Enquirer: 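Handing you a structure now.
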Amino acid sequence: MNYEHRVEAFVSAQPDTEQPAEGTYSFAAMEARWPAIWDELKVFEPLDDGSRERRYVLDMFPYPSGDLHMGHAEAFAMGDVVARYLRQCGYDVLHPIGWDSFGLPAENAAIKRDAHPAEWTYTNIDTQAASFRRYAISADWSRRLHTSDPEYYRWTQWLFLRFYEKGLAYRRNSAVNWCPRDQTVLANEQVVNGACERCGTQVTKKNLNQWYFRITEYADRLLEDMDQLHGHWPERVLAMQRNWIGRSEGAHVKFDVEASGGRGARSVDVFTTRPDTLYGATFFVVAADADLAVDIVADEHHDDLMAYREQIKSLSEIERQSTEREKTGVFLGRYAVNPINGEKLPVWAADYVLAEYGTGAIMAVPAHDQRDLDFARAFNLPVRAVLDTGEPDPAESGVATAGEGTVINSGFLEGLSKTEAIAAASSRLEETGAGETTVNFRLRDWLLSRQRFWGTPIPIIHCGTCGEVPVPDNELPVRLPEGLRGEALSPKGTSPLAAAEDWVNVPCPKCGAPATRDTDTMDTFVDSSWYFLRFASPEFTKGPFDIDAVNRWLPVGQYVGGVEHAILHLLYSRFFTKVLQDLGMVDFNEPFRALLNQGQVLNGGRAMSKSLGNGVDLTEQLDKYGVDAVRLTMVFASPPEDDVDWADVSPSASAKFLARAWRLGQDVTSSTDVDRSTGDQALRAITHRTVADAAELLSNNKFNVVIAKVMELVNATRKAIDSGPGGADPAVREAVETVAIILSLFAPYTAEDLWAQLGREASVAAAGWPEVEEELLVEETITAIVQVQGKVRDRLQVPANIGEEELRALALDSEAVSRSLDGRGIRTVIVRAPKLVNIVPS
RNA sequence: GCCCGAAUGGCGGAAUUGGCAGACGCGCUGCACUCAAAAUGCAGUACCGAAAGGUGUGUGGGUUCAAGUCCCACUUCGGGCACCA
């Protein structure tokens, strides 16, 4: 009888005060018992001996800010399901864990409490590691790494030097994004809507000499290789990367800018995607903040230009880039000659043309480009339509026509379509040497240097005579200087490393003369661009990774992480992988074969945040409901990529279900060696159907549905015990063991405990995925649907192998059918044996 | 403006190739056990209707014997990019 298994309110179980009674589901007792056993059995360490096929499952490694939070709990629950499933399927699974442990928050915390960033960082890592263990992540702890360990950043530096040798790391002076609050430069990717991605402060521009990675050289490959990722990465991530790379095809066209004021004529290239509109160019614009503007301005307009440049500087990036703003600009007193027809176009400087994109100069075709049209209207410049699109004249309407049409007013292009004219104009430009087709990218080089302390030092020494000198490989790592802590780290706009004089001043490795170390550190995204490679051989001392080990394990089969890294981390890691491929260090070109973006955990429809005061504390949830219930809730709530609103879910219901599943074990009275084939066939069919469905669902990442299927199996088993064949039936043992194995992916403690209760040896994580007996999936009778005009009128129990004719006859015989036909004749009968008959009345 | 994605009960969400819409769970209602509560178990629960029956997957059209699923046009929401020539 069920009532014998009465349990206490486990939700209010007091783990510290009472031992749970025998036969009681107690998550606290399970959590105390199993981790040590898992450690001892080393269930989660890969064998790497070639006896099994290898799989690599990776969660984006965490940043050690405080303890784990709800977001970690969701992401790692998802990754763990994948890892545990593949392990059950017999693969040798690499599922490592580490920490992205360099970065600003550690530094800010250190300043605040007069400490060293390492203290804060490693304390937090220890806290998180303990929480991960409790959370029962099936990770191989022996491969743990931290990017702030000298043994790790030594190889980050080594890789930087290889990039440097290939010309892929270089230093240049230019206007860069500057965060006034963090007092450091930022990469383009770290500026969101003109604000610092990290702290939200308005970003300003500063001219600085900074280090860059030449990621633009890989733009085409970053774009093309996305072909391999289709269907395996979320479409929106691919779209975001495509947008970010921003490839556009067009032409460079050479315009001669006339001589004046004693200076000679010079030619200026423009980039255009619309060479078909060359005849429609009515003026010429250069970016006001580009040096080019100063170079070509006529003497009498020089002061105007300089005043305008000052005016632009005072604008924030947001204001500057707003499309709402009135167009501004100044005339430069010069004319550019249109190579296609010799026409002289006035040259202007304006801030709507960007110095960093294309050539920093454009030919303006106001009729067919809205921005040019806005400018033309603001300064009374002519508008000439050269493409008839059937829309109103832009000069009248104020709306530029950018669509398809027929070319007009355009000499040799007359009468062509837009596409034809682009081709014709391009080839004419190439023939006459006035231009060439080209491809432009929105992507900029990756600014990697940072004026902060807690990062990987850039291994370069600056010498008065030799210039930039790489630190020799055998002197790596260049360790962070000791002794800097607290106030000494506060941001001053230059790197805190500069203050460590003993560290900065070194002899030049080349000539021995006094020289200085580079005092910038690397963007932490450099550290995380190769950590997934290091996991293949974390102890390797002869290089960043053992090439053989990497080629054995990688690419990562399933990567799991938040969509917030759609561009930053994922683009950078793809770039690193391609460079390493070119260096002959890896034999693949994409690091992550499949990507799963888990959703966020919300509370009441909004992201949890301190400022909103709606955070949910993970540890409190774990203490209250248990690890398994929290994990199960995360996974069951919705498909993995959807958000979970903690206000809408019920961890106590998950706990209830787990207890219910666990109690099944107490009712199994058969021994471990019973002959399953003799068990109740109806229950066996459900069990095997569940295993087959679960496998299919798991391979499609439909984890939430898998849990629904286990719930059904648990319900069916309960029924079989209470009002069916009873607990002694071998089919009941089979069903409950199946429950334990499937549950081991989601609720490892409960599954392990249930498994032990069934008299099986630990660990259920290594039990192996149950084999499906195909014969049990074949149903003998099936419910056939009988429709009249597409509406269900009757259901018939028929043999699964029923013939079409037979089913048709049965359906026509149905009383419900004749009632529904109500005397009407029959036009057609569609029969899809054995499932469906549709009768169409005449 | 351009590019992605989504829309199904009170709620989270299910639904091979077009073939029983609403699996599973939450919530709610009732019942059993209990002095009572909790816990547990069982039953019911898309909407309208007393019922017969009808309606129903964001909106409007279409294809089909049959549409949540395919096609066309839209609406709303979410996300990304955006003075990128």
Side-chain angles (χ1 to χ4, degrees), chain A residues 1-12 192-193 234-244 246-248 250 270-274 277 285 320-325 327 350-354 356-365 368-372 374-375 402 440-444 563 566-567 633 636-639 641-645 647-650 652-654 656-657 659-660 663 696-697 700 702 704-712 714-715 718-719 722-723 783-792 794-795 827-832 835-841:
Chain A
M1 288 275 101
N2 323 330
Y3 311 122
E4 289 169 18
H5 309 307
R6 178 169 305 203
V7 287
E8 297 179 7
F10 47 83
V11 163
S12 53
V192 179
N193 288 328
E235 203 46 51
R236 65 170 170 158
V237 173
L238 295 175
M240 283 160 79
Q241 293 220 353
R242 210 177 300 118
N243 274 340
W244 190 262
R247 181 180 200 270
S248 66
V270 301
F271 174 70
T272 179
T273 55
R274 297 293 305 277
T277 62
V285 190
R320 213 200 120 162
Q321 294 192 0
S322 165
T323 43
E324 307 297 306
R325 214 175 106 241
K327 292 280 179 286
D351 64 354
Y352 84 91
V353 172
L354 306 178
E356 315 92 67
Y357 184 75
T359 61
I362 62 156
M363 64 173 202
V365 185
H368 307 298
D369 183 291
Q370 191 61 47
R371 297 154 298 180
D372 295 346
D374 292 344
F375 192 84
N440 234 304
F441 293 95
R442 210 195 70 109
L443 181 70
R444 306 289 148 78
V563 72
I567 296 169
T633 303
F636 182 53
S638 62
E641 57 276 9
D642 287 6
D643 292 346
V644 175
D645 193 329
D648 289 344
V649 298
S650 173
S652 67
S654 298
K656 227 187 261 186
F657 164 72
R660 181 174 152 86
R663 279 195 309 271
E696 171 75 20
L697 291 162
N700 292 311
K702 295 184 175 180
N704 55 326
V705 191
V706 176
I707 293 172
K709 297 288 178 195
V710 191
M711 287 174 168
E712 286 181 277
V714 167
N715 290 344
R718 180 81 261 158
K719 203 164 260 174
D722 291 347
S723 54
T783 307
I785 318 295
V786 184
Q787 300 176 328
V788 174
Q789 204 152 17
K791 292 194 169 131
V792 180
D794 204 358
R795 295 178 168 83
R827 196 168 69 191
T828 12
V829 180
I830 311 276
V831 184
R832 294 281 179 276
K835 278 163 73 178
L836 175 127
V837 179
N838 191 5
I839 298 161
V840 190

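Order of the sequence lines sets the chain letters (A, B, ...), proteins ahead of strands, with each chain counted from 1. Treat the numbers as computed from the prediction; the structure is a model and nothing was measured.
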Enquirer: Ignoring backbone atoms, test whether A:T783 places a side-chain nitrogen or oxygen under 4.0 Å from the OP1 or OP2 oxygen of B:C20.
Expert: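 Looking at the OP1 and OP2 atoms of B:C20, neither is under 4.0 Å from any side-chain N or O of A:T783.
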Enquirer: Nearest-Å distance, CG (A:N243) to C1' (B:A82)?
Expert: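 Spelled out: CG on A:N243 to C1' on B:A82 is 9 Å.
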Enquirer: How long is the line joining CG of A:N704 and P of B:C26, in whole Å?
Expert: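 Taking atom P of B:C26 as the reference, CG of A:N704 is at 15 Å.
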Enquirer: Compare side-chain N and O positions of A:R832 against OP1 and OP2 of B:G18 and report whether any pair is under 4.0 Å apart.
Expert: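 It does not, given that no N or O in the side chain of A:R832 lies less than 4.0 Å from OP1 or OP2 of B:G18.
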Enquirer: OP1, OP2 of B:U55 versus side-chain N and O of A:K791: anything below 4.0 Å?
Expert: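 So the side-chain polar atoms of A:K791 do come within 4.0 Å of the phosphate oxygens OP1 or OP2 of B:U55, strictly under.
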Enquirer: When you compare B:U29 with B:G19, how far apart are their C1' atoms, in angstrom units rounded to a whole number?
Expert: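 One C1' to the other, the span is 35 Å.
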Enquirer: Using the P atoms only, state how far B:U8 lies from B:C72, rounded to an integer number of Å.
Expert: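 Going atom to atom, P in each nucleotide, I get 22 Å.
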Enquirer: Between CD of A:Q789 and CD1 of A:I839, what distance do you get to the nearest 0.5 Å?
Expert: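 The CD atom of A:Q789 sits 11.5 Å away from the CD1 atom of A:I839.
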Enquirer: Work out how far the P atom of B:C24 is from that of B:C74, and round it to whole angstrom.
Expert: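 Taking atom P in both B:C24 and B:C74, they lie 40 Å apart.
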Enquirer: With rounding to whole Å, what would you report as the distance between B:U34 and B:A39 at their C1' atoms?
Expert: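 Between the two C1' atoms, the distance is 11 Å.
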Enquirer: Taking the C1' atom in each of B:G68 and B:U64, what is the distance between them to the nearest angstrom?
Expert: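 To the nearest whole Å, 16 Å.
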Enquirer: Among A:T272, A:D369, A:D372, find the one that has a side chain to side chain contact (heavy atoms under 4.5 Å, CB included) with A:I362.
Expert: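 That would be A:D372; it is the only one of A:T272, A:D369, A:D372 passing the side chain to side chain contact (heavy atoms under 4.5 Å, CB included) with A:I362.
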Enquirer: For nucleotides B:A73 and B:G80, find the distance between their C1' atoms and express it as a whole number of Å.
Expert: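 Result for the C1' pair: 25 Å, nearest Å.
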Enquirer: Is the count of non-hydrogen atoms from other residues, nucleotides or ligands lying under 6.0 Å from A:R247 atom CZ greater than 12?
Expert: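 Yes, CZ of A:R247 has more than 12 neighbouring heavy atoms, counting only those of other groups under 6.0 Å.
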Enquirer: Rounded to the Å, how far apart are A:E356 CD and B:C83 P?
Expert: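 Checked: the CD to P distance equals 11 Å.
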Enquirer: Give the rounded distance in Å between these two atoms: CZ of A:F375 and P of B:C83.
Expert: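 Rounded to whole Å, this separation is 17 Å.
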Enquirer: Determine, step by step, whether A:R660 and A:N715 satisfy the side chain to side chain donor-acceptor pair (under 3.5 Å) criterion, reporting the C-alpha distance in whole Å, the side-chain angles of both residues, the deciding distance to 0.1 Å, and the verdict.
Expert: CA-CA 9 Å; A:R660 181 174 152 86; A:N715 290 344; 2.5 Å; yes
Enquirer: Considering only atom P, compute the distance from B:U16 to B:C26 and round it to an integer number of Å.
Expert: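 That atom pair is separated by 24 Å.
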Enquirer: Think A:R660 has a side-chain N or O under 4.0 angstrom from the OP1 or OP2 of B:G41?
Expert: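 For A:R660, the contact criterion (side-chain N or O under 4.0 Å from OP1 or OP2 of B:G41) is met.
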Enquirer: Distance check, P atoms only: B:A6 and B:A21, in whole angstrom units.
Expert: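 My reading of the P atoms in B:A6 and B:A21 gives 24 Å.
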Enquirer: Within this structure, what is the CZ-to-P distance between A:R247 and B:C2, rounded to whole angstrom?
Expert: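 Nearest whole value for this atom pair: 22 Å.
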Enquirer: Check this for me: does the side-chain of A:K709 come within 3.5 Å of the base of B:C24 through a donor and an acceptor?
Expert: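 Such a pair does not exist between side chain and base.
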Enquirer: Pick one for B:G9: is it syn, with its angle within 90° of 0, or anti?
Expert: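 Syn, since the glycosidic angle lies within 90° of 0.
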Enquirer: How many whole angstroms separate atom CG of A:D351 from atom P of B:C83?
Expert: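 Between P of B:C83 and CG of A:D351: 11 Å.
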Enquirer: Without decimals, in angstroms, what is the distance between A:R236 CZ and B:C4 C1'?
Expert: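 These atoms are roughly 9 Å apart.
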Enquirer: Is the positively charged end of A:K327 above the ring of A:F375, judged by distance under 6.0 angstrom from the centroid and angle within 45° of the axis?
Expert: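 Judged by the rule (NZ or CZ under 6.0 Å from the ring centre, within 45° of its axis), A:K327 is not positioned above A:F375.
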Enquirer: Let me know the distance between CZ of A:R795 and P of B:G19, rounded to the nearest Å.
Expert: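 So the two atoms are 16 Å apart, to the nearest Å.
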Enquirer: Hey, is the side chain of A:N715 poking within less than 4.0 Å of OP1 or OP2 on B:G41, counting only N and O atoms?
Expert: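 Answer no for this pair, as no side-chain N or O of A:N715 is under 4.0 Å from OP1 or OP2.
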Enquirer: If you find the nucleotide of RNA chain B closest to A:A239 and the one closest to A:D369, which residue's nucleotide is nearer the 5' end?
Expert: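 Result of the comparison: A:A239.
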Enquirer: Under 3.5 Å, is there a donor on one side chain and an acceptor on the other for A:N838 and A:R832?
Expert: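 Side-chain D/A pair, A:N838 to A:R832: absent.
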